[in-house]
Amino acid sequence: MSYNKSAQSLLNKLIRSNLVNTTNQVEVLQKDPSSPLYSVRSFEELHLKPQLLRGVYGMGFNRPSKIQETALPMMLAEPAQNLIAQSQSGTGKTAAFVLAMLSHVDPNLNHPQCLCVSPTYELALQTGKVIEQMGKHYPEVKLVYAIRGNKLPRGMKLEEQIVIGTPGTMLDWCSKFRFIDPKKIKVFVLDEADVMIATQGHQDQSIRIQRMLPKNCQMLLFSATFEESVWSFAQRIVPEPNIIKLKREEETLDTIKQYYVLCNSKEEKFQALCNIYGGITIAQAMIFCHTRKTAGWLAGELSREGHQVALLSGEMQVEQRAAVIERFRDGKEKVLVTTNVCARGIDVEQVSVVINFDLPVDREGNPDNETYLHRIGRTGRFGKRGLAINMVDSKMSMNILNRIQDHFSK
Ligand SMILES: Nc1ncnc2c1ncn2[C@@H]1O[C@H](COP(=O)(O)OP(=O)(O)OP(=O)(O)O)[C@@H](O)[C@H]1O
């Protein structure tokens with residue numbers, strides 16, 4: 001379960017190349033409601049160090065994202081303020097806390113000052129990459145990974161200002177090995193709290209790290225979702241927090257053209273698919289199948305027809321899946337074939353054509369409306385127009401399609 005959650009989160013990060021736009025307003029709950037609430041419309045207003053402003057613009061950011069507008073002034077304020085922030089993946093949380101960490105470190109002090117914990121090694125590396133990009137013009141600030149494979153000699157004291165890693169190793173480095181002096185930490189970031197608590201032990205380890213930090217250390221916690229269990233964990237980690245929440249944009253089927261194609265067999269569906277493919281110039285398409293076997297077969301047939309196809313399948317390791325997704329995102333393959341299960345929870349916003357080679361159904365064989373919507377739907381008025389094609393090959397699948405139609409009244 002936790003493996004799935006962190007894999008999903010990683011794959012989502014990899015498949016997305018852009019900020020997720022949202023028209024929803026942020027909800028803010030201040031620790032001290034009488035203090036003024038600042039929000040910024042530009043990065044200049046934040047009075048960042050010039051090296052960091054260059055780093056931000058160098059990444060192609062023109063203005064703060066919705067959540068950054070409110071979160072950044074809070075995180076950069078003096079004295080430090082604690083923050084719990086929740087918004088869906090892709091809305092700019094990572095970029096925000098990376099900027100906060102880079103702003104708060106003193107490059108002249110050669111000891112760790114910021115700790116950032118992530119649920120997995122791969123997720124930690126992704127955050128590390130953002131630190132490197134944003135800190136590109138600030139080479140005095142150094143970064144080290146507290147992850148299992150990284151073995152340091154006993155008695156060593158770290159000189160890097162930022163440490164990013166997984167809770168277990170981070171805890172060992174702070175207590176058992178004392179590579180880090182927790183009393184000198186100024187900023188503590190806990191990323192992906194919802195994924196974190198899904199792993200046995202991570203919650204306790206995170207709390208034990210937090211207890212070693214000084215009272216005036218800034219505590220920041222981020223999460224994509226906010227169910228009760230995340231919330232109670234957040235409150236144990238972050239005392240006297242400001243709270244920012246950004247609602248997830250509703251997905252709609254309004255801007256999507258949906259079709260279905262009637263066939264008699266798997267082979268006919270494949271033929272129909274080839275015909276459709278010949279008829280329209282498709283930028284990039286994702287094709288969903290019910291089983292691994294069908295997905296493998298279809299990918300084989302498509303490549304025999306000369307298509308460049310990527311296959312994402314459940315038996316692959318996360319790294320392999322990540323590599324497939326990265327190649328697809330970079331346009332190296334135009335078609336991605338995957339199974340319903342494997343792609344659950346993955347956002348495919350930039351894909352304009354979605355083909356359900358098999359319709360999404362749940363374990364009992366009933367229509368899975370939620371998956372249908374998530375796969376095909378687009379959010380808000382920024383949503384690009386899209387095309388969805390459903391393949392029907394039996395009375396049973398026609399029945400499922402009809403029930404999906406009834407459900408959405410479309
Ligand atoms: N102000 C901005 N302007 C333009 N792009 C931005 C801005 N902030 C972040 N981005 C880009 O948007 C994407 C999502 O940002 P980021 O990874 O920070 O979001 P997130 O909420 O942390 O999502 P996740 O939890 O999946 O990492 C990244 O590609 C990032 O480079």
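All ligand and atom numbering here is 1-based and tracks the order in the structure.
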Practice item. Taking atom types as modelled, find out whether S313 and E315 have a side-chain donor-acceptor pair closer than 3.5 angstrom. Key: yes
Exercise for review: Verify the distance criterion only: is there a donor paired with an acceptor across the side chains of Y372 and N356 at less than 3.5 Å?
Suggested key: no
**Study point:** Contact (N/O only, under 3.5 Å) between N62 and ligand 1
**Key:** no
Exercise for review: Give the contacting part of K93 toward ligand 1: side chain, backbone, both or neither, where contact means a heavy-atom distance below 4.0 Å.
Suggested key: both
Check your understanding: For ligand 1, which atoms have a heavy atom of S65 less than 4.0 angstrom away?
Key -> 1 (N)
Review point. If we ignore angles and hydrogens, is there a donor and acceptor under 3.5 Å between the side chains of Q86 and T225?
Key: no
Revision key, fill the gap. Atom 8 (N) of ligand 1: of Q126, Q68, Q86, the nearest heavy atom sits on Q68
Check your understanding: Has the side chain of D172 got a donor or acceptor atom that lies under 3.5 Å from a matching backbone atom of K176?
Key -> no
Exercise for review: Check if F43 has a non-hydrogen atom at a distance under 4.0 Å from any atom of ligand 1.
Suggested key: yes
Review point. Does F408 CZ have over 12 foreign heavy atoms under 6.0 Å away?
Key: yes
Check your understanding: Short N/O distance, under 3.5 Å, between S87 and ligand 1?
Key -> no
Check your understanding: Is the closest basic N to carboxylate O distance between E301 and K266 below 4.0 Å?
Key -> no
Exercise for review: Find out whether the Lys NZ or Arg CZ of R375 is both under 6.0 angstrom from the six-membered ring centre of F288 and within 45° of the ring's axis.
Suggested key: yes
Exercise for review: Identify which of G60, P64, S89 has a heavy atom lying nearest to atom 26 (O) of ligand 1.
Suggested key: S89
Check your understanding: Which ligand 1 atoms are under 4.0 Å away from a heavy-atom of T91?
Key -> 19 (O), 20 (P), 21 (O)
Practice item. Measure the distances from the heavy atoms of A224 to every atom of ligand 1 and state whether one is below 4.0 angstrom. Key: no
Check your understanding: Taking the side chain from Q81 and the backbone from M75, do they hold a donor-acceptor pair closer than 3.5 Å?
Key -> no
Point to revise | Atoms of ligand 1, numbered as shown, that sit under 4.0 Å from any heavy atom of A95 | key: 8 (N), 9 (C), 18 (O)
Review point. If you count the atoms of ligand 1 from 1 in the order shown, which ones are under 4.0 Å from a heavy atom of R63?
Key: 1 (N), 2 (C), 3 (N)
